[in-house]
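Notes follow once the structure below has been shown.
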Amino acid sequence: MYSNKTEKIVMICFPIICLIILLLLPQWIQLVHELFYYVVVAIFFVPVFIYVLITYKKREENFYKKWEKIRSGRKLNYIIKEGAKFFLIQIFANFFGRYVGDGYSPVYILSKISFGTAIFLVIFILLISLLIGVSSWSGNERRFEKICRIQRFREKPSFFDE
């Protein structure tokens, strides 16, 4: 379903480049829990990147059907769901990064910041999450419309078909 070779190359190369960066990151910065970092990268990120590489074409083909169903539902529900996913990933990434990089546990971090700072951070991340949800909806709509245009173009009779 990718419309050109550049998109295909990006969809194949981007996960590979990200994985290489994740594996080489400890060579550039000092980590307190380097072994834990590599275990998490090996258990979580490597299988995810392999899955993305193997299934990108099938996922692209299934996108049209799935998005057609999702867009018939409520837009707000989708935005909240995507925002909540980003919020949880952001919280995990921050705590994981601080633990691996500096050795600070989530309990230690939460005990060292004031209540006002914690509230500000939560509100800030929630606002960013909301923007991510809206952006995800808009991006998927553009992708869906592009697929629709390509399908209409392919179905359009040619002048020479008569």
Side-chain angles (χ1 to χ4, degrees), residues 1-71 75 77-106 108-110 113 120-151 153-154:
M1 282 299 223
Y2 291 111
S3 61
N4 60 37
K5 290 187 179 206
T6 305
E7 287 183 35
K8 290 178 186 178
I9 291 170
V10 168
M11 287 305 298
I12 291 171
C13 291
F14 183 73
I16 292 171
I17 292 169
C18 288
L19 184 58
I20 290 169
I21 290 171
L22 282 174
L23 292 174
L24 294 177
L25 189 65
Q27 305 303 318
W28 298 314
I29 61 172
Q30 183 179 1
L31 299 176
V32 174
H33 299 285
E34 194 171 314
L35 179 63
F36 182 64
Y37 173 83
Y38 278 122
V39 167
V40 170
V41 167
I43 290 174
F44 180 72
F45 288 107
V46 171
V48 168
F49 287 141
I50 290 171
Y51 173 78
V52 167
L53 288 172
I54 292 173
T55 64
Y56 82 93
K57 187 173 182 176
K58 183 176 179 162
R59 285 183 298 112
E60 184 69 16
E61 291 169 355
N62 292 335
F63 168 79
Y64 181 83
K65 294 175 196 166
K66 287 180 183 179
W67 187 248
E68 196 169 35
K69 182 180 176 185
I70 290 170
R71 73 193 301 245
K75 183 177 180 179
N77 290 346
Y78 178 82
I79 290 171
I80 290 171
K81 180 182 154 198
E82 289 300 306
K85 278 197 291 188
F86 176 79
F87 181 82
L88 293 174
I89 290 169
Q90 188 64 37
I91 296 296
F92 171 77
N94 283 314
F95 283 141
F96 176 75
R98 294 298 300 221
Y99 179 73
V100 171
D102 301 326
Y104 299 146
S105 71
Y108 177 79
I109 294 169
L110 292 174
I113 61 173
F120 171 77
L121 290 173
V122 167
I123 291 172
F124 179 74
I125 295 172
L126 282 173
L127 288 174
I128 297 296
S129 299
L130 178 66
L131 290 173
I132 294 293
V134 170
S135 175
S136 175
W137 178 274
S138 299
N140 284 338
E141 276 294 307
R142 280 192 305 273
R143 186 174 164 195
F144 183 80
E145 290 300 323
K146 182 178 178 183
I147 292 170
C148 289
R149 278 194 312 270
I150 291 170
Q151 286 180 346
F153 179 76
R154 288 180 182 161

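Residues: numbered from 1 along the sequence shown.
- Taking CZ of F144 as the reference point, atom CD1 of I70 lies at 11.0 Å (rounded to 0.5 Å).
- The distance from atom OG of S135 to atom CD1 of I79, rounded to the nearest 0.5 Å, is 10.0 Å.
- Nearest heavy atoms, Y38 versus P26: OH-CG, 3.3 Å.
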So W67 and W137, side chain to side chain contact (heavy atoms under 4.5 Å, CB included) or not? Walk me through it. CA-CA 10 Å; W67 187 248; W137 178 274; 3.4 Å; yes
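- The closest side-chain heavy-atom distance from N140 to F63 is below 4.5 Å.
- Separating the CD1 atom in I91 from the CZ atom in F86 is a distance of 9.5 Å, to the nearest 0.5 Å.
- I125 contributes atom CD1, which lies 10.0 Å from atom CZ of F120 (distance to the nearest 0.5 angstrom).
- Salt bridge present: E82 and K85 bring a charged side-chain N and a carboxylate O closer than 4.0 Å.
- At least one donor-acceptor pair closer than 3.5 Å links the side chain of S105 to the backbone N or O of Y108.
- With a 6.0 Å radius and a threshold of 12 heavy atoms from other residues, nucleotides or ligands, Q30 has its CD atom at or below the threshold.
- To the nearest 0.5 Å, the span separating OG on S138 from CZ on R143 amounts to 14.0 Å.
- The two residues W28 and I21 come nearest to each other via the heavy atoms CZ3-O, 4.2 Å.
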Kindly determine whether Y104 and V32 satisfy side chain to side chain contact (heavy atoms under 4.5 Å, CB included), including the steps that lead there. CA-CA 9 Å; Y104 299 146; V32 174; over 6 Å; no
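- From I29, atom CD1 reaches atom CD of E34 across 9.5 Å, with rounding to the nearest 0.5 Å.
- Classification of the F36-F96 ring pair by plane angle, with boundaries at 30° and 60°, yields tilted.
- Closest of all the heavy-atom pairs between Y64 and I147 is CD1-CG2, 3.6 Å.
- Residue R98 forms a side-chain contact (heavy atoms from CB on, under 4.5 Å) with just one option from V100, D102, N94, and that option is D102.
- Across V122 and F87, no two heavy atoms sit closer than the pair O-CE1, 4.1 Å.
- Nearest heavy atoms, R71 versus E68: CG-O, 3.5 Å.
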